[in-house]
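One structure is given here, and the rest of the page talks about it.
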Amino acid sequence: MKLPSFEFLRARSLAEAWALHSDAGGDAVYLSGGHSVVPSMALRLQAPSRLIDISQIAELHGVELQGETLRIGAMTRHAEVLANPLIARHAPLLSRAAPHVAHPAIRNRGTIGGNLALADPASEFPAAVLAMRAELEVMGPEGRRMIAADDFFLDLYETALIPGEVLTAIHVPLPPEGRVFGFDEIARRRGDYAMVGVAAQADMSDGVVSDASVTLFSVGVTPMRAAAAQDALEGAPLSTDSIARAQAALATDLDPPDDPGFPAERRLQLARVLLGRVLTRMEAVQ
Amino acid sequence: MKVMLSTTVNGEQVQEAVLPRTSLADFLREDLGLTGTHLGCEMGACGACLVLMDGVPVHACLVLAVQAEGSTVETIEGLNETGAAADLQARFHDRNALQCGFCTNGMLMSAQALLEANPAPTRDEIRDALSGNYCRCTGYEAIVDAIDTTARDRAARTEAAK
C-alpha cells in the first residue's frame with residue numbers, strides 16, 4: 001500500500017529535532033533509516049502528520065572508543081555493525097547478531113538506533129544490548145539520560161523513551177580478558193523473524209564461569225533476561241551438567257505466549273535446545 | 001506539500017518537486033519513466049525494487065524519494081547503459097535463470113553488488129546475498145549458477161589481463 005500523506009522535515013541538530021517534534025504536538029515520528037517506519041505507515045499501523053529526518057545529525061554518527069566504553073552512534077546502519085572492526089572486537093554480540101537481521105539490502109538502510117527504539121520483541125539487537133549490559137544514551141530537551149538496557153525495554157514496542165527524546169547512542173562496556181560470547185537464533189527462513197533467539201556472554205577465569213549474562217528474544221513482549229539460567233551457570237565450568245541446569249532453569253525464566261500454530265511449550269523447548277547450542281559453542285573473540 | 005529533490009540517477013543530475021509520501025520506486029517509475037525497477041510486495045520482502053543507492057542495494061519501495069537527496073542512484077537502466085552487468089545478464093540468459101523475469105532486475109542488482117564486494121563468493125554466500133530476493137516462478141539453482149559462473153569468468157578475465 002502507498003503511504004498516507006505527511007509533512008517531511010529534515011533536522012540538522014538535536015535541538016531542531018526536538019523543536020520540530022514539539023511543534024507537531026507529538027504527532028510526529030523521527031526517521032533514521034526508515035525501514036520500520038515506512039512499512040508500518042504503508043500498513044496504516046501509524047500515520048503521523050510529520051516525519052522528522054534525523055539521519056544527518058552529527059551526534060548520531062560514528063563508532064568510537066571512549067574510555068572504558070565503546071560508543072556506537074544510533075545512526076550506525078546494520079551493515080556497518082556487521083563490518084565495523086571496533087564492534088567486532090568490543091561488542092561481538094552485535095556483529096554476531098547482525099547477519100541475522102533481515103536481508104543485505106535492509107541492512108544497508110536500517111539503523112541500530114531505529115531498531116532499538118522500535119523494540120520489536122523478535123529483533124536481535126535488543127537482546128544483544130541486554131546481554132552486553134549496554135547503556136542507551138538518550139537526549140531530549142531536558143538533557144541527557146543514560147538508561148541501562150535492562151530498564152529500556154518496557155513492553156511490546158514500548159521503551160523508556162519519553163515522547164520527543166532521541167536515542168542517540170549505545171554505550172557498550174569493554175569486555176575483560178576471558179569473556180566468551182554466543183549468539184544464535186532459529187528462524188523458518190534466512191533473515192526471517194526468529195522463532196526464538198539467544199544472546200549470551202560469560203567471564204571465564206580458571207575455567208569457571210562468573211557474571212553470566214543470558215538473554216532470549218522472540219519469547220515474550222520484550223527481550224528477556226534469563227536470571228535463573230544465569231544463576232545455574234555461575235561458579236561452575238561450562239559443562240554438559242551446568243548447561244543442562246541452565247536449560248532446565250529456563251522454565252522459571254520464560255512464560256512464552258501460547259499462540260495458535262506455535263504452542264508455548266514448543267517455544268520453550270526450542271529455547272532450551274538453542275540455549276544448549278549457544279552455551280556449548282561460546283567462544284572468545286580472537 | 002511538495003519538496004524539492006536533487007539527486008543523481010544513472011549518472012544524470014535530476015531536480016524534481018516530489019510529495020514526501022512518494023517512494024523512491026514510484027519516483028523512478030512515474031516521474032522518470034524508469035520502469036525497470038519493479039514493485040512487488042512494497043514491504044521490503046520481495047526484492048523486485050532493488051536499486052543501487054550510493055553503491056549498495058536498497059529497497060526503492062522502502063526509501064522515500066526525499067531520502068535520496070544528494071545520493072547517487074543506479075537502476076537496471078543504468079546498468080544496461082554502462083554495460084557493467086552485461087556478462088551477468090548473459091549468464092542469466094545462458095542458464096535460463098528466469099521465467100517471467102519480474103524478479104530478475106532485483107536479482108541482478110543483488111548479484112552485481114555482491115560481486116563488487118566479494119569477487120569470489122561461495123554458493124552459500126550467493127544464496128545469502130539473494131535471501132531478500134523472491135522468485136515465485138521457479139527456483140534459485142539456475143540463478144546461483146549464473147552468478148557463480150560470472151564470478152569465475154570475471155576472475156579468469158582479471159587473471160588473463162595480468
Side-chain angles (χ1 to χ4, degrees), chain A residues 1-12 28-56 75 77-80 82-83 98-111 114 187-193, chain B residues 1-5 18-27 30 39 41-71 106-107 109-111 113-114 117-118 121 124-134 140:
Chain A
M1 220 188 316
K2 306 296 179 191
L3 302 190
S5 290
F6 54 87
E7 181 187 23
F8 176 87
L9 295 163
R10 195 171 277 120
R12 302 285 176 191
V29 166
Y30 292 128
L31 185 72
S32 52
H35 274 33
S36 299
V37 172
V38 171
S40 76
M41 288 175 70
L43 285 168
R44 301 298 189 274
L45 295 175
Q46 59 179 350
S49 66
R50 174 178 285 186
L51 286 187
I52 303 162
D53 184 350
I54 56 170
S55 66
Q56 288 169 32
M75 264 307 294
R77 299 187 193 273
H78 305 332
E80 296 172 62
L82 187 58
H100 297 279
V101 181
H103 311 293
I106 302 273
R107 299 201 289 264
N108 285 333
R109 293 291 297 170
T111 67
R188 290 185 175 85
R189 195 170 53 85
R190 189 98 181 107
D192 208 340
Y193 288 105
Chain B
M1 205 175 77
K2 287 194 171 183
V3 176
M4 273 312 289
L5 165 67
V18 295
L19 285 171
R21 67 191 289 247
T22 309
S23 72
L24 178 59
D26 284 337
F27 173 69
E30 289 169 18
L39 280 168
C41 67
E42 297 192 55
M43 289 297 304
C46 80
C49 69
L50 292 188
V51 298
L52 301 181
M53 187 166 163
D54 298 327
V56 295
V58 305
H59 290 93
C61 73
L62 291 190
V63 176
L64 301 173
V66 288
Q67 289 180 292
E69 172 71 30
S71 290
M107 293 279 184
M109 287 293 167
S110 283
L114 169 69
N118 178 2
D124 271 356
E125 287 170 333
I126 295 172
R127 287 184 179 278
D128 194 35
L130 292 180
S131 63
N133 291 86
Y134 286 2
Y140 300 87

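In the text below, chain A, chain B and the rest are named by the order of the sequence lines, each starting its count at 1.
- For A:Y193, the OH atom counts as loosely surrounded, since its 6.0 Å shell holds 12 or fewer non-hydrogen atoms of other residues, nucleotides or ligands.
- Taken to the nearest 0.5 Å, the CD atom of B:Q67 stands 9.0 Å off from the OG atom of A:S32.
- Heavy atoms closer than 4.5 Å to chain A are found in both the backbone and the side chain of B:S131.
- Rounding to the nearest 0.5 angstrom, the gap separating the CG atom in A:N108 from the CG atom in B:D54 is 10.5 Å.
- Neither the backbone nor the side chain of B:C41 comes within less than 4.5 Å of any heavy atom of chain A.
- A distance of 11.0 Å separates CG of B:L19 from CG of A:L3, quoted to the nearest 0.5 Å.
- With rounding to the nearest 0.5 angstrom, the CZ atom of A:F8 is 9.5 Å from the CG atom of B:L5.
- Proximity to chain B (any heavy atom under 4.5 Å) is restricted, for A:P4, to the backbone atoms N, CA, C and O.
- Here B:E69 is the residue among B:M109, B:R127, B:E69 with the most heavy-atom pairs under 4.5 Å with chain A.
- More than 12 heavy atoms of other residues, nucleotides or ligands lie within 6.0 Å of CE in A:M1, so this atom counts as buried by the packing criterion.
- The distance from atom NZ of A:K2 to atom CZ of B:R21, rounded to the nearest 0.5 Å, is 9.0 Å.
- You'll find the side chain of B:L64 reaches within 4.5 Å of the side chain of A:L31, heavy atoms only.
- Dense packing is recorded around CZ of A:R189, with more than 12 heavy atoms of other residues, nucleotides or ligands lying under 6.0 Å away.
- Looking at B:L114, neither its backbone nor its side chain comes within 4.5 Å of chain A, counting heavy atoms on both sides.
- Top candidate by heavy-atom pairs under 4.5 Å with chain A, chosen from B:D26, B:L50, B:V3, is B:D26.
- By the 4.5 Å heavy-atom criterion applied to side chains, A:H103 and B:D128 are not counted as neighbours.
- Put simply, the side chain of B:L62 does not reach to within 4.5 Å of the side chain of A:R109, judged on heavy atoms.
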